[in-house]
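Beneath this line is the structure, given in structure tokens, with notes to follow.
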Amino acid sequence: MRITLEEPLNLKETLESGQAHRWRQIDGKYSGVIGNVLVHIRQSERTLIIDSSSTLESEDFLLKYLRLDDDLEHIYAHINKDERVRTMTERYRGLRLLRQDPWECLVTFICSSTTNMKRISLMVENMSNYFGQKLELGEDIRFTFPTSEDISNTDEKTLRELGLGFRAPYVLNCGKKVQAGDLDLNTLIKTPYTEAKEQLMSLHGVGPKIADCVLVFSLDKLEAFPIDVWVKRALTDWYFPNQKPPSNQDLLVWANEYFGEYAGYSQQYLFHGRRLLDSKPTD
DNA sequence: TTCTGCCCTTGGCA
DNA sequence: ATGCCAAGGGCAG
């Protein structure tokens, strides 16, 4: 399948900005699993070239995942409040938020606690390889992400053996609650931000940061503004220098006021930009 | 009520 | 080689 892009998209920055952790590069293409489909995707200028393990009904599947329905020019106009953000939105122009599956997003970000992006991928791949269904595309073999049923039927020991460490009981508990119907993730898309955040934070292992990740990366809450160590660094270095760093709670209130309804987009550009500032040129 | 310090696991990296 | 760091959160005080 080929998709001609009408709107700006930078596939590389989008898939490598730490939102989703199942994308890997294989000779110039990105390999990833979306739902129960293994996808190979490559961007050439204004064209996306896509191969998949099963026939895609329509291109809407990818348009939705890549949030190509977001009007980036409109969003840039809102979040370009200063030179810092303007620099990032120009440097990484076309970086989009993704619209991920809420369950997968929740489990993945519970796993993100006190670890790094490579290790998050490791945990996610370990769980998928262990629980998931096999998908093949050419020589590439990947597995679907475990369902809440898969997780609810396993035990803490198994999850620890898959490398989750102290996060294992959090993921297990989360699977059991979702499977039991105590938390309906898919209806949270229609729930207002504050209430949806409260519901997510009622889960063990889910605090403000992880809740905001799930809200902005899978539940269409573009005002959510996850504050991790990198965003905290970006904000304290660039907006509150030479003073005692404000608390995360205060930063969150400030960011929502300053950046407005698309704060989540500004967060992604600040995160990505600040992180690459400390990485090696070869990275 | 809100803030602080400590603990939890372990792979990656210098 | 060995200590530090990593898209945090729970808990006690």
Side-chain angles (χ1 to χ4, degrees), chain A residues 13-24 88 92 95-98 100 102 104-127 129 155-174 177 183 197-219 221-222 224-238 243-253 255 263-283:
Chain A
E13 305 299 347
T14 299
L15 298 182
E16 294 183 5
S17 62
Q19 310 174 55
H21 298 84
R22 297 214 65 190
W23 292 99
R24 50 171 72 154
M88 297 304 168
Y92 304 116
L95 164 58
R96 285 174 184 272
L97 292 173
L98 295 170
Q100 303 181 56
E104 178 172 339
C105 191
L106 175 58
V107 172
T108 298
F109 279 93
I110 289 175
C111 290
S112 77
S113 180
T114 321
T115 191
N116 50 50
M117 281 165 37
K118 282 194 176 172
R119 200 172 154 214
I120 300 168
S121 300
L122 181 66
M123 289 187 256
V124 167
E125 288 305 300
N126 283 348
M127 284 193 287
N129 293 344
D155 53 46
E156 182 178 330
K157 181 168 175 290
T158 302
L159 293 174
R160 282 183 179 270
E161 283 165 1
L162 295 172
L164 272 68
F166 65 86
R167 309 158 193 85
Y170 297 154
V171 168
L172 182 61
N173 173 261
C174 180
K177 286 205 162 168
L183 179 67
K197 186 169 182 176
E198 281 173 12
Q199 287 196 38
L200 289 171
M201 285 177 61
S202 72
L203 295 164
H204 267 316
V206 180
K209 189 272 174 181
I210 291 175
D212 275 334
C213 284
V214 177
L215 291 164
V216 75
F217 298 143
S218 72
L219 292 169
K221 308 293 188 254
L222 298 189
F225 190 89
I227 301 176
D228 74 303
V229 291
W230 293 105
V231 172
K232 177 127 187 170
R233 245 165 241 171
L235 294 182
T236 53
D237 289 358
W238 295 339
Q243 57 181 288
K244 181 171 172 245
S247 70
N248 286 11
Q249 177 57 32
D250 288 345
L251 287 174
L252 188 54
V253 172
Y265 259 100
S266 64
Q267 181 273 353
Q268 200 58 26
Y269 281 89
L270 291 171
F271 170 80
H272 193 55
R274 184 61 184 78
R275 207 175 73 86
L276 292 187
L277 211 57
D278 280 10
S279 69
K280 292 174 303 200
T282 54
D283 211 19

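What you see below is based on every heavy atom in this structure, not just the backbone, and it leaves out hydrogens, waters and symmetry mates. These figures come from a predicted structure and were not determined experimentally. In what follows, every chain begins at residue 1, and chains take the letters A, B, ... in the order their sequences are listed.
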Name the nucleic acid region contacted by A:V231, choosing base, sugar-phosphate or nothing; use a 4.0 angstrom heavy-atom cut-off, strictly under. nothing
Within the structure shown, what part of the strands sits under 4.0 Å from A:L270 by heavy-atom distance: base, sugar-phosphate, or nothing? nothing
Base, sugar-phosphate, or nothing for A:G205, non-hydrogen atoms under 4.0 angstrom? sugar-phosphate
N/O (side chain, A:K118) to phosphate O (OP1/OP2, B:dC13) under 4.0 Å: yes
Would you classify A:S121 as touching base, sugar-phosphate or nothing, given that sugar-phosphate means primed atoms plus P, OP1 and OP2, and contacts are heavy atoms under 4.0 Å? nothing
Output the rounded distance in Å from CG (A:L97) to P (C:dA7). 18 Å
To the nearest angstrom, the CH2-P distance between A:W230 and C:dG8 comes to 11 Å
C:dG8 C1' sits how many Å from A:N248 CG, rounded? 10 Å
For A:E16, check side chain to side chain contact (heavy atoms under 4.5 Å, CB included) against everything at least two apart and list the hits. A:K12, A:Q25, A:Y30
The nucleotide from B:dT4, C:dA6, C:dA7 with an atom nearest the side chain of A:F271 is C:dA7
Without decimals, in angstroms, what is the distance between A:E198 CD and C:dG9 C1'? 18 Å
Nearest-Å distance once atom P is located in both C:dG10 and B:dG11: 24 Å
Between A:K157 (side chain only) and A:D155 (backbone N and O only), is there a donor and an acceptor less than 3.5 Å apart? no
Rounded to the nearest angstrom, tell me the gap between atom CG in A:L200 and atom P in C:dG10. 12 Å
Under 4.0 Å from any atom of DNA chain C, heavy atoms only: list the residues of residues 162-172 of chain A that qualify, in numerical order. A:F166, A:Y170
Assign A:R233 to base, sugar-phosphate, or nothing according to its heavy-atom contacts below 4.0 angstrom with the strands shown. sugar-phosphate
For A:T115, report the nucleic acid contact type (base, sugar-phosphate, nothing); a contact means any heavy atom under 4.0 Å. base
Taking atom P of C:dA6 as reference, at what distance in whole Å does atom CG of A:D278 sit? 9 Å
Could you tell me which residues satisfy side chain to side chain donor-acceptor pair (under 3.5 Å) with A:D250, sequence neighbours excluded, listed by chain and number? A:S247
Identify each donor-acceptor pair in which a side-chain atom of residues 224-231 of chain A lies under 3.5 Å from a protein atom, sequence neighbours left out, and give them as a table.
unit_1	atom_1	unit_2	atom_2	d
A:D228	OD1	A:V231	N	3.2
A:D228	OD2	A:W230	N	3.0

Candidates C:dA7, B:dG11, C:dG8 - which lies nearest the side chain of A:I210: C:dG8
When A:P208 and A:N116 are each assigned the nearest nucleotide of DNA chain C, the 5'-most assignment goes to A:N116
Quick one: A:H204 NE2 to C:dC11 C1', roughly how many Å, whole number? 10 Å
Measure CD/A:Q267 against C1'/C:dA7 and give the value in whole Å, please. 8 Å
Side chain to side chain donor-acceptor pair (under 3.5 Å) partners for A:Q267, two or more places apart: none
Side chains of A:I120 and A:F109: does their closest heavy-atom pair fall under 4.5 Å? no
Passing candidate, side-chain contact (heavy atoms from CB on, under 4.5 Å) with A:P245, options A:T236, A:L235, A:L251: A:T236
Want to know the stems of DNA chain C: at least 3 consecutive Watson-Crick or G-U pairs with distances under 3.5 Å, which are they? B:3-8 with C:8-13, B:10-14 with C:2-6
Looking only at the side chain of A:Q19 (C-beta and beyond, no hydrogens), which of the listed nucleotides B:dT4, C:dA6, C:dA7 gets closest? C:dA7
